[in-house]
Amino acid sequence: MTSASSNTVCDISRLSQVFVTGEDQNKFKLGTFWQKAPAILIFLRHFACIACRAHAKDVWANRDKYEKAGAQIYFIGNGSPTMIKVFKEDLGLEGAWVFTDPNLEAFHAAGFKRGFFSAYGFKSLSSIRKLKEQGHVAKRWSPEQGDATQLGGILVVKPGGKVTYQYISEYQGDVEEPQDYSP
């Protein structure tokens with residue numbers, strides 16, 4: 001875990017220039033997400049990932065807490081834009097802002113990890129088993145869902161581009177709620 005207060009590896013100036021795509025195929029510059037209010041960016045491995053799906057459901061179920069603090073939640077995957085609608089419908093994320101970055105530019109600028117052994121090592125497999133025991137379900141993976149070796153994380157960015165929190169996942173299911181999301 002990397003917290004912004006100790007050592008942020010995010011290149012915020014580069015990240016602010018990256019464009020992500022919405023389910024309607026429109027492109028949005030990430031820097032606009034935190035122009036007026038704090039943005040909580042939840043980076044997903046891919047749209048079929050069991051851990052990402054469980055995390056997205058949990059964050060969305062607790063969105064009132066973040067929104068009362070004045071923050072806006074954005075989910076960013078890396079699969080085909082056509083997968084966004086299915087992802088939202090499967091998880092009951094009506095009204096959620098979900099985008100995709102198939103080129104992984106935002107993931108790289110944010111400093112998130114990528115690699116086969118990180119995504120499928122012992123800790124990942126153990127996490128997947130626990131999530132299945134809790135009743136979470138993965139979708140069948142295909143390249144259209146996104147890069148299976150990309151890991152995710154969390155960024156909280158305040159207006160002006162100040163990163164106040166960063167969490168870098170080390171394996172599937174390695175997530176944490178943002179600690180500093182208040183305006």
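If you're wondering where the values come from, they're calculated on a predicted model, not measured in any experiment.
Applying the side-chain hydrogen bond (donor to acceptor under 3.5 Å, both in side chains) rule to pairs touching residues 70-82 yields S80-T82, T82-E144, sequence neighbours excluded. Sequence neighbours left out, not one pair with a member in residues 91-108 passes side-chain hydrogen bond (donor to acceptor under 3.5 Å, both in side chains). Residue pairs that meet the salt bridge (Lys or Arg N to Asp or Glu O under 4.0 Å) test with at least one member in residues 33-44, sequence neighbours left out, do not exist here.
A search for salt bridge (charged side-chain N to carboxylate O under 4.0 Å, His left out) contacts involving R114 returns D147, not counting sequence neighbours. By the ring pair (Phe, Tyr, Trp, His ring centres under 6.0 Å) test, F112 pairs with F43, sequence neighbours left out. For F28, the ring pair (Phe, Tyr, Trp, His ring centres under 6.0 Å) criterion is met by F99, not counting sequence neighbours. By the side-chain contact (heavy atoms from CB on, under 4.5 Å) test, S13 pairs with D11, sequence neighbours left out. Annotation: side-chain contact (heavy atoms from CB on, under 4.5 Å) contacts of E67 (sequence neighbours excluded): R63, D64. For T21, the side-chain hydrogen bond (donor to acceptor under 3.5 Å, both in side chains) criterion is met by K27, not counting sequence neighbours.
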Show me, pair by pair, the donor-acceptor contacts under 3.5 angstrom made by side chains of residues 85-92, not counting sequence neighbours?
{"residue": "K88", "atom": "NZ", "partner": "E23", "partner atom": "OE2", "Å": "2.9"}
{"residue": "K88", "atom": "NZ", "partner": "A96", "partner atom": "O", "Å": "3.1"}
{"residue": "D90", "atom": "OD2", "partner": "R53", "partner atom": "NH2", "Å": "3.0"}
{"residue": "D90", "atom": "OD2", "partner": "K139", "partner atom": "NZ", "Å": "3.1"}

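Scanning all heavy atoms of the two residues, the minimum distance from Y66 to V59 falls at CE1-O, 3.9 Å. When all heavy atoms of W34 and G161 are compared, the pair lying nearest together is NE1-CA, 3.5 Å. Nearest heavy-atom pair across P38 and G70 is CD-O, 3.3 Å. Scanning all heavy atoms of the two residues, the minimum distance from G79 to P102 falls at O-CG, 3.6 Å.
Placement of L15 and L104 within a single hydrophobic cluster is found when ILVMFWY residues are connected by side-chain heavy-atom separations under 4.5 Å, directly or transitively. Cluster membership for F19 and I76, using ILVMFWY side-chain heavy atoms within less than 4.5 angstrom, is not shared.
Separating the CZ atom in R45 from the CZ atom in F47 is a distance of 12.5 Å, to the nearest 0.5 Å. A distance of 6.5 Å separates CG in L41 from CG in L30, rounded to the nearest 0.5 Å. Note that CH2 of W60 and NE2 of H55 are 13.5 Å apart. Values are rounded to the nearest 0.5 Å. Atom CG in L155 sits 6.5 Å away from atom CD1 in I12 (nearest 0.5 Å). From I84, atom CD1 reaches atom CG of L93 across 11.5 Å, with rounding to the nearest 0.5 Å.
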**OP:** Dump the intermediate steps for side chain to side chain contact (heavy atoms under 4.5 Å, CB included) on S16 and F33, then the final yes or no.
**Re:** CA-CA 9 Å; S16 69; F33 289 9; over 6 Å; no

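Under the 3.5 Å distance criterion, the side-chain polar atoms of Q150 are matched with a main-chain donor or acceptor of K113. Here the side chain of N62 pairs a donor or acceptor atom with the backbone of D58 at under 3.5 angstrom.
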